Amino acid sequence: MCRAQKDGNRGDFGLGSASKASLATARERAREIRTWVEPGLNPIFERRKA
């Protein structure tokens, strides 16, 4: 689970099952989510769009 906060709005985003995703993969996904949150984008919408 990745928790990101922007302008007082907090969001929790799943990174995948611990038994299926490695720690390195989870860290990469969290980094990707944070890059979307910083300019104000919704990570869930961006992931579905991609």
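Small disclaimer: the values here were computed from a predicted structure and weren't measured.
In this structure, Leu15 and Thr25 have side chains that are not in contact, with every pair of non-hydrogen atoms separated by 4.5 Å or more.
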Using the rule given for side chain to side chain contact (heavy atoms under 4.5 Å, CB included), can you reason through Arg34 versus Cys2, listing the C-alpha separation, both sets of side-chain angles and the distance that settles it, and then say yes or no?
CA-CA 9 Å; Arg34 288 187 187 105; Cys2 174; 4.1 Å; yes
Audit row: Arg31, Glu28, salt bridge (charged side-chain N to carboxylate O under 4.0 Å, His left out) steps and yes/no:
CA-CA 5 Å; Arg31 195 173 303 118; Glu28 181 60 35; 2.6 Å; yes
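For the atom pair NZ (Lys6) and CG (Leu41), the distance works out to 10.0 Å, reported to the nearest 0.5 Å. If you take CG on Asp12 and CE on Met1, they are separated by 5.5 Å, rounding to the nearest 0.5 Å.
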